[in-house]
Number of protein chains: 2
Amino acid sequence: MKELEKKLSDKQINPTAMRLLALDYLTKRSAAVSLTEMELEMDRSDRVTLYRTIKTFEEHGLVHRIEDGTGITKFALCQQGCDPGHHHDLHVHFFCNSCKETHCLPKTIIPEVVLPEAYQAQERELIVKGICAACAV
Amino acid sequence: MKELEKKLSDKQINPTAMRLLALDYLTKRSAAVSLTEMELEMDRSDRVTLYRTIKTFEEHGLVHRIEDGTGITKFALCQQGCDPGHHHDLHVHFFCNSCKETHCLPKTIIPEVVLPEAYQAQERELIVKGICAACAV
DNA sequence: TTAAGCGGTGCAATGGTATTGCAAAGTTAT
DNA sequence: ATAACTTTGCAATACCATTGCACCGCTTAA
Ligand SMILES: [Mn+2]
Ligand SMILES: [Mn+2]
Ligand SMILES: [Zn+2]
Ligand SMILES: [Zn+2]
């Protein structure tokens with residue numbers, strides 16, 4: 001898996017066994033994932049180690065955090081080049097009310113909105129809830 | 001406070017002392033509020049009672065829940081007529097990175113977005129983060 | 001070749017919020 | 001006054017996030 005190693009080193013992340021496993025797992029997932037899901041589906045892993053692994057990934061611009069309104073934080077690989085310390089994912093996230101999965105919609109950009117006088121926007125997050133493509137009949 | 005009583009009865013909520021206090025508190029707040037804040041600022045109140053009070057308010061269409069991305073659920077009075085069991089607040093919520101307050105922007109409507117093929121939207125939530133009017137110099 | 005230094009991992013412990021169970025207190029209708 | 005129902009308070013539980021600390025393996029400086 002030289003590819004995975006390269007992805008890590010490109011982001012200045014030391015490619016340990018655990019991190020390669022986590023990256024491999026994330027790469028194969030289509031939906032965003034919570035820490036608890038990762039813990040259950042990847043055995044041979046401690047929750048805290050996963051927590052710190054994901055945190056490292058996030059800080060180095062490899063994954064982004066998604067607050068989908070369920071109260072449970074999810075994570076997904078960044079699409080384009082996000083930088084350490086600064087993400088610029090401005091895509092919509094979709095939460096399926098049927099299968100409860102959260103998907104990145106990288107091609108769906110969050111539109112700008114006009115705010116009341118004197119409000120200054122710095123970031124924005126749009127969650128759309130409904131029925132995902134896989135669940136639609 | 002016949003006004004407050006009326007607001008409650010209009011929503012089919014039995015106007016108890018606790019509920020009147022909570023509604024009064026919410027009415028006077030400009031920012032959205034978390035359960036913990038309510039618990040601290042309204043003394044003579046049990047957290048669980050507040051929890052259930054808010055839950056009742058929410059179910060009857062009197063307040064709406066706001067997930068502002070902090071992981072802590074906030075609540076605010078509904079603006080227009082929301083119905084029991086079905087809210088139709090489609091306004092933007094603003095989280096101030098400076099004062100950490102969350103504001104409803106009732107006049108700022110969440111724009112529709114075009115989703116990928118076969119995705120069906122049912123609800124949407126937009127959080128804008130930045131500097132609020134009060135914090136802007 | 002040791003000894004120190006350091007990053008990474010695992011386990012235990014803590015903190016904070018959400019949620020439920022249950023019994024006491026209050027309210028309303030016979 | 002009694003019964004039925006609602007509301008409230010306290011205790012307990014369930015999670016999830018986060019931190020502390022000790023251990024392990026590897027690299028580097030004496
Ligand atoms: Mn995403
Ligand atoms: Mn609002
Ligand atoms: Zn689905
Ligand atoms: Zn502010």
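Residue numbering restarts at 1 for every chain, and letters A, B, ... go by the order of the sequence lines. Remember, it's a predicted structure, so these values are computed and weren't measured experimentally.
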(request) Give a yes/no answer on whether the side chain of A/Thr16 brings an N or O atom under 4.0 Å of OP1 or OP2 in C/dG8. (result) no

(request) Output yes when at least one side-chain N/O atom of B/Asn14 is less than 4.0 Å from OP1 or OP2 of C/dT27, else no. (result) no

(message) Going 5' to 3' along DNA chain D, between which two nucleotides do contacts with chain A fall, using a heavy-atom cut-off of 4.0 Å?
(response) D/dC16 to D/dG20

How long is the line joining [atom1] of [X] and [atom2] of [N], in whole Å?
X: A/Glu67; N: C/dT17; atom1: CD; atom2: C1'; value: 14 Å
X: B/Met38; N: C/dG16; atom1: CE; atom2: P; value: 20 Å
X: A/Met18; N: C/dC11; atom1: CE; atom2: P; value: 12 Å
X: B/Asp68; N: C/dT17; atom1: CG; atom2: C1'; value: 14 Å
X: A/Met42; N: C/dG10; atom1: CE; atom2: C1'; value: 15 Å

(request) List in chain and number order the residues that pass salt bridge (charged side-chain N to carboxylate O under 4.0 Å, His left out) with B/Glu112, two or more places apart in sequence or in another chain; answer none if no residue qualifies. (result) none

(request) Quick one: list whatever passes salt bridge (charged side-chain N to carboxylate O under 4.0 Å, His left out) with B/Arg52, sequence neighbours left out. (result) none

(message) For residues 7-19 of chain B, which residue pairs pass the side-chain hydrogen bond (donor to acceptor under 3.5 Å, both in side chains) check, not counting sequence neighbours?
(response) B/Lys6-B/Asp10

(message) Test: side-chain hydrogen bond (donor to acceptor under 3.5 Å, both in side chains). Region: residues 124-137 of chain B. Which pairs qualify, not counting sequence neighbours?
(response) A/Glu125-B/Lys129, A/Lys129-B/Glu125

When the side chains of residues 115-123 of chain B are checked against the rest of the protein, which donor-acceptor pairs come out under 3.5 Å, sequence neighbours left out?
{"from": "B/Gln122", "atom 1": "OE1", "to": "A/Asn97", "atom 2": "ND2", "distance (Å)": "2.8"}
{"from": "B/Glu123", "atom 1": "OE2", "to": "A/Asn97", "atom 2": "ND2", "distance (Å)": "3.4"}

(message) Once you apply a heavy-atom cut-off of 4.0 Å, does B/Ser34 come out as touching a base, just sugar-phosphate, or nothing?
(response) nothing

(request) Kindly write out the residues that satisfy side chain to side chain donor-acceptor pair (under 3.5 Å) with B/Glu39, not counting sequence neighbours, or none if the list is empty. (result) B/Arg47

(request) Please tell me which of A/Gly71 and B/Arg19 maps to the more 5' nucleotide of DNA chain D, matching each residue to the nucleotide holding its nearest heavy atom. (result) B/Arg19

(request) Indicate the atoms forming the closest heavy-atom contact of B/Val113 with A/Pro111, along with that distance. (result) CG1-CD, 3.6 Å

(request) Check each residue of residues 46-55 of chain A for a non-hydrogen atom within less than 4.0 Å of any atom in DNA chain C, then write out the ones that pass by number, or none. (result) A/Asp46, A/Val48, A/Thr49, A/Arg52

(message) Using the rule that Ile, Leu, Val, Met, Phe, Trp and Tyr join whenever any side-chain heavy atoms are under 4.5 Å apart, tell me whether A/Ile72 and A/Tyr25 fall into a single cluster.
(response) no

(message) Suppose we screen for ring pair (Phe, Tyr, Trp, His ring centres under 6.0 Å). Which residues come up paired with A/His93, at least two apart in sequence or across chains?
(response) A/His64, A/His91

